[in-house]
**Q** 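There's a structure below that I have some questions on.
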Amino acid sequence: MTKKDIIVLLETIATYMELSLENPFKVSAYRKAAASIETDGRSLSEIDDFSTMKGIGKGVNEVIVEYVDTGRSTVLDELKESVPEGLVRMLKIPMLGPKKIAKIHKELGIASMEGLKEACDSKRVSTLPGFGVKTEQNISKAIDELLTRPERYPIERIISFRTAVENVLDEMEMVEKYDVAGSGRRFKETSRDLDYIIEVTDAAAFTESFLESPFVRETVAKGEKKLSVVIEDDMDEINVDFRFVTSREYFTTLHHFTGSKDHNVKMRQIAKSRGEKISEYGVESNGEIKTFGSEESFFNHFGLPFIPPTMRESGEETDTDISKIVSMDDMKGDLHMHTVYSDGAFSVREMVEACIAKGYKYMIITDHSKSLRVANGLYENRLYKQIEEIKGLRDEYPEIDIYTGTEMDILKDGTLDYSDDMLKELDYVLAAIHSSFTQTEAEIMHRLKSACENPYVRHIAHPTGRLIGSRAGYPVNMQELISMAKDTGTVLEVNANPRRLDLSADVIRHSGLKLTVNTDAHHTAHLDFMEYGVATLQKALIQKEDVINTFSREDFRNFVNKGK
DNA sequence: GCCGTTTTCGGCCCGACTGTTTTCAGTCG
């Protein structure tokens, strides 16, 4: 059993309670308890008394203790007896919350998504008080969409949709100013939809003009304050909302819709403790509404520094010294990239020049090792050749330290793809798993252990192998890997590729790990991925000193030379 | 169910929108 199991249990209880029309504050207490456990840095074995944690009192503690001791929960078992599981799925239908679902269940005896769809089509739902024909049609349509459209899109897809929308906005002259808000602005791993805050000279004209864009598939709602559409590309479709605001309210509205929800709750608590009230229209203080010319001045009003959107998650960020948290300005080098020697698109020289253009002080060339045939991995003779080429380039580019390296495969049986004799010829070695993802956790951990314990392996690249939204990755015991990394002085990577972001923010938060963030670039343009990796570190409120890419040129040289 | 330097009761973030009503409940962000 892990912490995650307890979090899932508490959240499941909250959901079932919600559907039993339990006191909403009780439901929220279970959710808060789950969140409290999630943001606590300790593992299950390190927590001896849950009841000392914030948000966990006598009641929730009893539930946890029973679950840890017996693997069961009487509270959940009883809830499950009174609430059919099908109702939980129905919560995913937009516009249907616990009360409406309970009514549908009680009055019509419906307990599944399929049953509800049928009831809508046979017009039984609209006979219920509080339900009308329109609601019935909307539910029916929403169920169809739920069955065909994924719930959330990975950040890579979100970026692509953003680009499409913003290319249109940039060409429209009635647009004064806009920003994406929501999870898109916070660079979350996945997002459900896109939210824009927008100031326009004429909302009606904007709406008319925007709706002519070829990617608009459907208009969901249009009004004076809001336009809501579905847009599509070759693969997917997504909801996009525009909120029309005046210049005066722009930044409080932007802050409000950037979220996260937990961040907003925390900000409102802070306001309330000062006798003020935050809404999207401003800060109400002594009966007056105060607005701001920037988000920074909004935060300053509460005695806080500007908190970047990427850090606005749990609420913990308002109690954090933001100046210590890692930022793009701190990035002095990229330690993981490929060239034409293996499966990259550019030469060593081109990658060097691209890194210099980024202002980096150091870089490491890390092509694949010999066993990764699909990526044209390097046999020893070609690796020696690359080492010589890199040495030759150093004099030509004194502004940057170019280190030799490899992204070495950790083979199926835990052996490493190069001998120590080969590895000692390199400045820096990172190791990664690229094969046999279906092994058991024990087998995978054996491989990772073998890499961590090797004296030449400095860091483990993309430690779980996951691809957001498409591949779960291989089974890793994260607590064990974290301990192994600490014990052996091995650094773990946050891979900045927006398909990976591996390790994820939730894993590294409060982990106490030494980390590195790298783009794994296979193209000079991929070096730009760094901002997604840094955003992931910021979500976890990781300090500069815990990220080796922030080292000065000299400190990094010492770090490389000193070895493990 | 949790919490507390206005503390053991009475709060728990706040406002808009939708669809349904005839003054509002439920849901959402």
Side-chain angles (χ1 to χ4, degrees), chain A residues 10 13-14 17-37 50-64 75 79 90-104 125-139 142 181-186 188 191-197 220-228 239-245 249 252-284 289 312 315 318:
Chain A
L10 297 180
I13 290 174
M17 279 184 171
E18 205 171 22
L19 288 164
S20 326
L21 306 187
E22 183 57 270
N23 174 1
F25 296 111
K26 187 167 164 182
V27 175
S28 146
Y30 274 86
R31 295 229 161 89
K32 279 181 188 161
S36 178
I37 295 172
F50 279 91
S51 66
T52 58
M53 293 169 71
K54 197 166 158 50
I56 300 180
K58 190 164 164 285
V60 174
N61 188 54
E62 276 173 15
V63 171
I64 295 173
V75 174
L79 282 164
M90 283 160 63
L91 272 176
K92 289 190 177 159
I93 301 168
M95 320 224 87
L96 275 194
K99 297 197 176 163
K100 286 204 158 130
I101 291 173
K103 193 178 250 180
I104 288 168
V125 172
S126 55
T127 61
L128 293 177
F131 291 75
V133 175
K134 208 152 187 177
T135 302
E136 187 172 69
Q137 289 166 349
N138 286 342
I139 294 174
S183 54
R185 183 165 182 239
R186 304 200 313 278
K188 230 182 151 218
S191 296
R192 191 186 309 277
D193 52 18
L194 281 175
D195 277 310
Y196 283 91
I197 306 304
V220 177
K222 57 176 180 178
E224 281 175 32
K225 291 215 154 193
K226 186 178 157 178
L227 170 66
S228 183
N239 267 85
V240 186
D241 288 352
F242 296 94
R243 287 165 207 280
F244 305 121
V245 299
E249 303 153 354
T252 43
T253 307
L254 178 60
H255 175 265
H256 174 82
F257 283 104
T258 297
S260 69
K261 187 173 155 57
D262 288 341
H263 171 82
N264 286 356
V265 167
K266 186 68 183 290
M267 288 302 295
R268 283 170 175 173
Q269 284 167 350
I270 290 171
K272 195 165 182 173
S273 70
R274 299 156 45 103
E276 296 175 325
K277 202 162 76 174
I278 297 175
S279 81
E280 59 209 89
Y281 300 113
V283 176
E284 192 182 325
I289 306 282
R312 301 179 201 167
T318 62

**Q** Could you work out which one of B/dC13, B/dG19, B/dC12 sits closest to the side chain of A/Val265?
**A**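 My answer, after comparing the listed nucleotides, is B/dC13.
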
**Q** Round to a whole Å and report the spacing from CE of A/Met17 to C1' of B/dG1.
**A** 8 Å

**Q** Reckon A/Tyr30 has a side-chain N or O less than 4.0 Å from the OP1 or OP2 of B/dC2?
**A** no

**Q** Please identify each residue that fulfils salt bridge (charged side-chain N to carboxylate O under 4.0 Å, His left out) with A/Lys92, with sequence neighbours left out.
**A**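 Salt bridge (charged side-chain N to carboxylate O under 4.0 Å, His left out) list for A/Lys92, sorted by chain: A/Glu151.
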
**Q** A/Lys54 near the nucleic acid: base, sugar-phosphate alone, or nothing, with a heavy-atom cut-off under 4.0 Å?
**A** sugar-phosphate

**Q** Given the rule in the side-chain contact (heavy atoms from CB on, under 4.5 Å) test, do A/Val63 and A/Tyr30 qualify, once you have shown the distances and angles that lead to the verdict?
**A** CA-CA 10 Å; A/Val63 171; A/Tyr30 274 86; 3.7 Å; yes

**Q** Taking atom P in both B/dC17 and B/dC12, compute the distance separating them and give it to the nearest angstrom.
**A** 23 Å

**Q** B/dC14 C1' sits how many Å from A/Glu284 CD, rounded?
**A**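 So the CD-C1' distance, A/Glu284 to B/dC14, works out to 11 Å.
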
**Q** When the P atoms of B/dC13 and B/dG19 are compared, how many Å lie between them, rounded to an integer?
**A**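 Those two atoms are separated by 28 Å.
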
**Q** A/Ala33 and A/Ile56: which non-hydrogen atoms are nearest, and at how many Å?
**A**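 Closest approach of A/Ala33 to A/Ile56, heavy atoms only: CB-CG1, 3.8 Å.
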
**Q** Looking only at the side chain of A/Asn23 (C-beta and beyond, no hydrogens), which of the listed nucleotides B/dG1, B/dG19, B/dC14 gets closest?
**A** B/dG1

**Q** Categorize A/Lys277 for me: base, sugar-phosphate, or nothing, with a 4.0 angstrom heavy-atom threshold over every strand shown.
**A** sugar-phosphate

**Q** By nearest heavy atom, map A/Gly57 and A/Gln269 onto DNA chain B; which one lands nearer the 5' end?
**A**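 Here A/Gly57 is the residue nearer the 5' end.
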
**Q** Is A/Ser28 near enough to B/dG1 that one of its side-chain N or O atoms lies under 4.0 angstrom from OP1 or OP2?
**A**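 Checking A/Ser28 against B/dG1: no side-chain N or O falls below 4.0 Å of OP1 or OP2.
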
**Q** Give A/Val75 one of three labels, base, sugar-phosphate or nothing, depending on what nucleic acid heavy atoms sit under 4.0 Å from its own.
**A** nothing

**Q** Are A/Thr252 and A/Ile278 close enough, and set up right, to give a side-chain contact (heavy atoms from CB on, under 4.5 Å), and what steps lead you there?
**A** CA-CA 8 Å; A/Thr252 43; A/Ile278 297 175; over 6 Å; no

**Q** Specify the separation, in whole Å, of atom CG of A/Asp262 and atom C1' of B/dC14.
**A** 15 Å

**Q** The side chain of A/Thr135 lies closest to which of these nucleotides: B/dT20, B/dC17, B/dG15?
**A** B/dT20

**Q** Nearest whole angstrom, please: distance from the P of B/dG1 to the CD1 of A/Ile64.
**A**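 Result: 13 Å.
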
**Q** Could you work out, with side chain to side chain donor-acceptor pair (under 3.5 Å) as the rule, every residue matching A/Glu280, not counting sequence neighbours?
**A** none

**Q** Can you tell me, in whole Å, how much space there is between the C1' of B/dC3 and that of B/dT22?
**A** 40 Å

**Q** With sequence neighbours left out, write down each residue that passes salt bridge (charged side-chain N to carboxylate O under 4.0 Å, His left out) with A/Arg274, or none if nothing qualifies.
**A** A/Glu276

**Q** When both hydrogen-bonding distances must be under 3.5 Å and the geometry is Watson-Crick or G-U wobble, what is B/dG19 paired with, if anything?
**A**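 Base-paired to B/dC24.
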
**Q** Sequence neighbours left out, what passes side chain to side chain donor-acceptor pair (under 3.5 Å) with A/Arg243? Give chain and number order.
**A** none

**Q** Figure out the OH/P separation between A/Tyr281 and B/dC14, and round it to whole Å.
**A** 16 Å

**Q** Rounding to an integer number of angstrom, what distance separates B/dG10 and B/dG15 when you compare their C1' atoms?
**A** 23 Å

**Q** Could you work out, with side chain to side chain donor-acceptor pair (under 3.5 Å) as the rule, every residue matching A/Asn138, not counting sequence neighbours?
**A** none

**Q** Taking B/dT18 as the reference, what is the distance to B/dT6 when you measure between their C1' atoms (whole Å, please)?
**A** 40 Å

**Q** Could you state the atom-to-atom distance from CG of A/Asn61 to P of B/dG1 in whole Å?
**A**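 Nearest whole value for this atom pair: 13 Å.
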
**Q** Can you measure A/Ile56 atom CD1 to B/dC3 atom P for me and round it to whole angstrom units?
**A** 9 Å

**Q** Rounding to a whole Å, what distance do you find between A/Arg31:CZ and B/dC2:P?
**A** 15 Å

**Q** Take nucleotides 21-29 of chain B nucleotide by nucleotide from the 5' end and write B, S or -, depending on whether a protein heavy atom sits under 4.0 Å from the base, only from the sugar-phosphate, or from neither.
**A** S----SSSB

